[in-house]
Amino acid sequence: MHACDIPPTNSPSDYNYFSGDQVIPSNNNGKGAYSVSMSDDIVGITSLNFAATFGKFQMSTESAEDYNIDTCEHRKFPLNFTVDDVSPALEEYLWKPHEIKRLGKTNSLRTETNVRMGHLKNTLLLQFTLFNDNPVESSTVDIAMKLPLLIKYYDSYGWEWGSPSPQSCDPATVDSVEVLLDEDDVVLMCEKEKVVGVLLMPKDSSNPNQVFSFPEEAGSTGPIKQNGLCLVNSVSGVGTMGLEECGERRPTMFVYDSENSQITMPEEDDKPCLDANHGTGPDVIVYSCHEPDNADYTHQQFSYNSTDGSICSLSNLAKNMCLEAKTTATRRACSGFKFSKESGCVVSLEETENTNSNMASGICSNLVVPANGETSIELLVQVDYFENVDSVVAGVTDMANNFGKFWSAAEDEKEEWWQNAFKVDNDEFSGWLPTLVTDDEEIMQSYYGGIASFLLNGHLDTSNGEDKKGQGYSNLVYTAIGPSAGASALYMWDTGYTADLWAMLDPVKLSYYADLFLKVDRSMFNVVDFYTHEGGGKYYAFSDLATFITVNSLAKQLGPEYLLSAEKGKSKIDKMDELSVAWNGGNPKVNLLGPGMADYGGDSNNFLECVPSYIHGIAALQAGNTWMMRECGKIWQSLNNTARAEELSELSESTFLALESLYVPGSGFFSAAYPNGSKIEVRSVVDFISVVGSVHASLDEKMAEEMVQWVKDELLVDGWLRALSLKDATAPDSDRADHGPMGAWDGWVGLTASSFGRLGDYKGALEMLRGAASVLDEGPYSQAHRVYANEELHVEEGTTMPRKGGDQASLAVCGGTIASAVIDTLFGFAEPPMMGPGEGEVWKGREEVLAALILERREVDRGFAGRLENVRWQGLVFDIESVVGEGLQIINLRE
């Protein structure tokens, strides 16, 4: 992108980023997302989806035994790309917010592939360029490729984790689309009539669509039928099941295990089970069968009533829900693509007896690459509904005829969107983010890298086709991870930790989703699916705290009017109060181990998932409970409800004493309390950041020093962090890069820096924030970065530079905590009072008084020079300046 005329003075796009080999390079345009090939392929796109409408084209993962992988050709777009019959060799990836660039070579020519998406559009633009460095001789080449683009339409269900996607190697799936070539050389790959989907719906004995037949003999294998159609696993593990004509090419066989109440597929390699996705549906999938002691075991249990033909879920989360054939989703996807008019390429339809090669081919003959020059070909893609096929043809034709305009627009429109995020009173968002001005290049990169990581997880909420939440602003929701996994999952945990940014940028939309967090049953769900606006996921111990943090961030930004706003007789402060004491009988999943000591259960999957000992009574939630009650007490006191404030003060004292009992004296870390009275040491960064973030002012000096020193001794590595110490007893059993010893969730880095600041170690905070810039050579912050090159956890010489973790998503909002740390630590804007500056009070000329009210330790030197411009707080706008040797001050106050 170009240099920026509107602050910030440095766009993230002013930098080139190298994308490493751990995580598939990906990008998101707000409406869709794509990933590029990780193999030695300079051109192929391996994933393209437009959530929650069009399922992704994806690289095949099916086995040769299942589908004959030798003839499976719907794996990349384009496929089998050659220059003079040679595949260009890939040498390097470069990532930018608006494109992914791949560099390589073929014979004597250098090559470059650039991929862009139109901002908030269903379009993809690919450009392949050949460079001839020979100063004398030109080069003439032929380029050939196959052009499969298998995209299907899916309804709003099934997007909360993986993206629904077609089985790209399944002959039946490939045969469900047809390829057409129109007179303008536009290739159309469109779905034929869709299969009937099967979902979990409320039991209705009178509904014939809930009547199925199994083989007569108990335990025998056969198809599940309805009206001559057979139940099939039509969308590969992450979408719903469907009904198709019963055929013998690849019939899906099932058997009902009456003893375990499971419906299995015995002829598949792993003999998977029918599964109510996440235990709630509505989508029904097949998944590896769980053991009875697995928390999700009931998700795979069904009853079959041979009398009425019903197949009903036995999941505790889907009571009285039965399989039902749904024929309402009749929309079909249609992808169209065309070469630009300057490319000189010809397309044709493949004529082959192989039914699994339903695609087009492209030939670009006699392309001349001049001496010391370059030649490019361009391929344009648009995806839409079948009923809009004319607009698809018109769209790709327009792009092909005016490639330069659309290519530039893909960059310029994203740049304008980025600039609006920092522009006061812009037309894009209901708020804005502060602008950082500093000569400290590393802090500049960390700050804007964090903001970019947050913004690049924006997904357009197209639910009901209406803009009900945006109220005139672009309707983007900032999901936890991306670009394709979790496309509609608004995780309470991730949202809570980045809610301060979202509350500044777009409080109107965040307040809508905060209300959804408050409405769903958090003893069952840790996710709001923003396409269905319903709960999803599972019980997660941190959900009440995360929801409180979200509401609290809005309250600090919006003030008393938001706190006192009521729905059905309950104000926001009433609901915050309920969250603060949910540990004491409000959450049915929580018990008490003793006075003030909450037990959140014994399943590690409800905590960090990969730290087996981190269960039951943990320091992070003890501290969180203490903080929530103290915050509510302050508000009630300001509202003259002294009685409730005193009640909460007494309760918070009990939880704080319980927290102190978990501290391991002299160590810097905490234990987890178990129901049998034992305490198990857990050396996790989560306790550190939660305790410091919640009750730092109550920690004695010695304990605070021990905690900081422990983090520096056991968790910090060059440029990054371990989430779990190598000395923790469970380290060998904790194998993930986000919460285990092999690396850290990117959010822990920002929150650790903030915690250092809260305890007065601003030098340590500054060093961490500067070091965090080093990982941005891979692209934006991600779900996690690894700090090991191999699986041997206890070999220090195995430590490498932090790299994106191979088991984690390439895009994630949690990097926003690094930007937050700059705001709340280096500039002290950490805990502004919720009850505001006072209605009608005049602040112009009283900047010193305001700074004393809202800036944390303003007199302490941060060792950093910079200015944070256009900070927004409850109707006031001002700049915060950090002066080396002096501390913080507020300047340029506007009311």
Side-chain angles (χ1 to χ4, degrees), residues 434 436-438 440 443 446-447 450 497 500-501 504 549 552-553 556-557 623 626-627 630-631 634 656 668 688-709 711-712 749-770 772 817-837 843 846-869 871-874 876 878-893:
L436 174 63
V437 179
T438 181
D440 192 317
I443 296 298
S446 290
Y447 179 75
Y497 281 129
D500 54 343
L501 292 181
M504 286 187 278
I549 295 172
N552 187 67
S553 296
K556 287 180 177 178
Q557 187 59 233
T626 304
W627 170 74
R630 288 176 176 179
E631 290 293 287
K634 293 176 190 176
F656 182 72
F688 173 75
I689 63 99
S690 299
V691 170
V692 175
S694 300
V695 296
H696 59 94
S698 299
L699 302 177
D700 66 59
E701 185 176 349
K702 181 176 181 295
M703 182 177 175
E705 289 176 353
E706 290 170 352
M707 291 173 66
V708 171
Q709 194 59 50
V711 171
K712 291 182 176 181
V749 175
L751 292 165
T752 299
S754 292
S755 297
F756 280 178
R758 291 289 174 85
L759 296 178
D761 185 6
Y762 290 106
K763 179 182 178 182
L766 187 60
E767 289 175 352
M768 280 201 72
L769 291 171
R770 284 173 173 160
T817 67
I818 295 171
S820 295
V822 172
I823 296 170
D824 64 40
T825 303
L826 299 188
F827 290 98
F829 191 60
E831 294 184 343
M834 277 182 281
M835 296 313 290
W843 287 96
R846 302 172 62 207
E847 286 85 351
E848 279 283 322
V849 178
L850 182 63
L853 177 68
I854 67 173
L855 298 185
E856 187 173 73
R857 292 196 180 103
R858 66 188 179 94
E859 74 285 352
V860 178
D861 178 17
R862 266 49 174 188
F864 161 80
R867 188 170 66 255
L868 197 64
E869 297 181 343
V871 180
R872 181 174 183 254
W873 178 62
Q874 297 188 26
L876 302 179
F878 47 85
D879 301 345
I880 305 174
E881 189 170 37
S882 176
V883 181
V884 174
E886 297 183 20
L888 307 175
Q889 60 182 352
I890 286 179
I891 59 175
N892 300 329
L893 174 64

Where [X] and [Y] come nearest, the two heavy atoms and their spacing:
X: Ala821; Y: Leu769; result: CB-CD2, 3.7 Å
X: Pro434; Y: Ile823; result: CG-CD1, 4.2 Å
X: Gly764; Y: Phe756; result: C-CD1, 3.6 Å
X: Leu888; Y: Leu855; result: CB-CD1, 4.1 Å
X: Pro833; Y: Ile854; result: CD-CG2, 3.9 Å
X: Ser820; Y: Leu501; result: OG-CG, 3.5 Å

Main-chain N/O of [Y] paired to [X] side chain as donor or acceptor, under 3.5 Å:
X: Ser882; Y: Phe827; result: no
X: Arg862; Y: Thr825; result: yes
X: Arg858; Y: Ile890; result: no
X: Gln557; Y: Arg872; result: yes
X: Asp861; Y: Gly885; result: yes
X: Glu881; Y: Leu868; result: no
X: Thr438; Y: Ala865; result: yes

Do Lys556's NZ or CZ and the ring of Phe829 fall within the cation-pi criteria of under 6.0 Å and 45°?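 No cation-pi geometry.
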A cation-pi test, strictly: NZ or CZ of Arg630 under 6.0 Å from the centre of the six-membered ring of Phe656 and no more than 45 degrees from its axis. Yes or no?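 The answer is yes, since Arg630 meets both limits relative to Phe656.
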Between Asp500 and Ser553, do the side chains contain an N or O donor and an N or O acceptor separated by less than 3.5 Å?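 There is no such pair between these side chains.
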Value rounded to 0.5 Å, distance of [atom1] in [X] from [atom2] in [Y]:
X: Leu751; Y: Tyr497; atom1: CG; atom2: OH; result: 6.5 Å
X: Leu699; Y: Met707; atom1: CG; atom2: CE; result: 5.5 Å
X: Glu869; Y: Asp879; atom1: CD; atom2: CG; result: 5.0 Å
X: Tyr762; Y: Leu826; atom1: OH; atom2: CG; result: 9.5 Å

Counting C-beta onward and ignoring hydrogens, is there a side-chain heavy-atom pair between [X] and [Y] closer than 4.5 Å?
X: Glu701; Y: Glu706; answer: no
X: Phe864; Y: Val884; answer: no
X: Leu850; Y: Phe878; answer: yes
X: Val749; Y: Thr817; answer: no

Expected list for residues 689-696: side-chain donor-acceptor pairs under 3.5 angstrom, two or more places apart:
residue, atom, partner, partner atom, Å
Ser690, OG, Val686, O, 2.8
Ser694, OG, Ser690, O, 2.8

Begin with the C-alpha distance, continue with both residues' side-chain angles, and end with the deciding distance and a verdict on salt bridge (charged side-chain N to carboxylate O under 4.0 Å, His left out) for Glu767 and Lys712. CA-CA 12 Å; Glu767 289 175 352; Lys712 291 182 176 181; 5.8 Å; no
Please determine whether side-chain contact (heavy atoms from CB on, under 4.5 Å) holds for the pair Ile880 and Gln889, giving the CA-CA distance in whole Å, both sets of side-chain angles, and the decisive distance to 0.1 Å. CA-CA 6 Å; Ile880 305 174; Gln889 60 182 352; over 6 Å; no
Take atom CD in Glu859; do more than 12 heavy atoms of anything else shown fall under 6.0 Å from it?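 Yes, enclosed.
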Check the pair Arg770 / Asp440 against salt bridge (charged side-chain N to carboxylate O under 4.0 Å, His left out), numbers first and verdict last. CA-CA 9 Å; Arg770 284 173 173 160; Asp440 192 317; 2.7 Å; yes
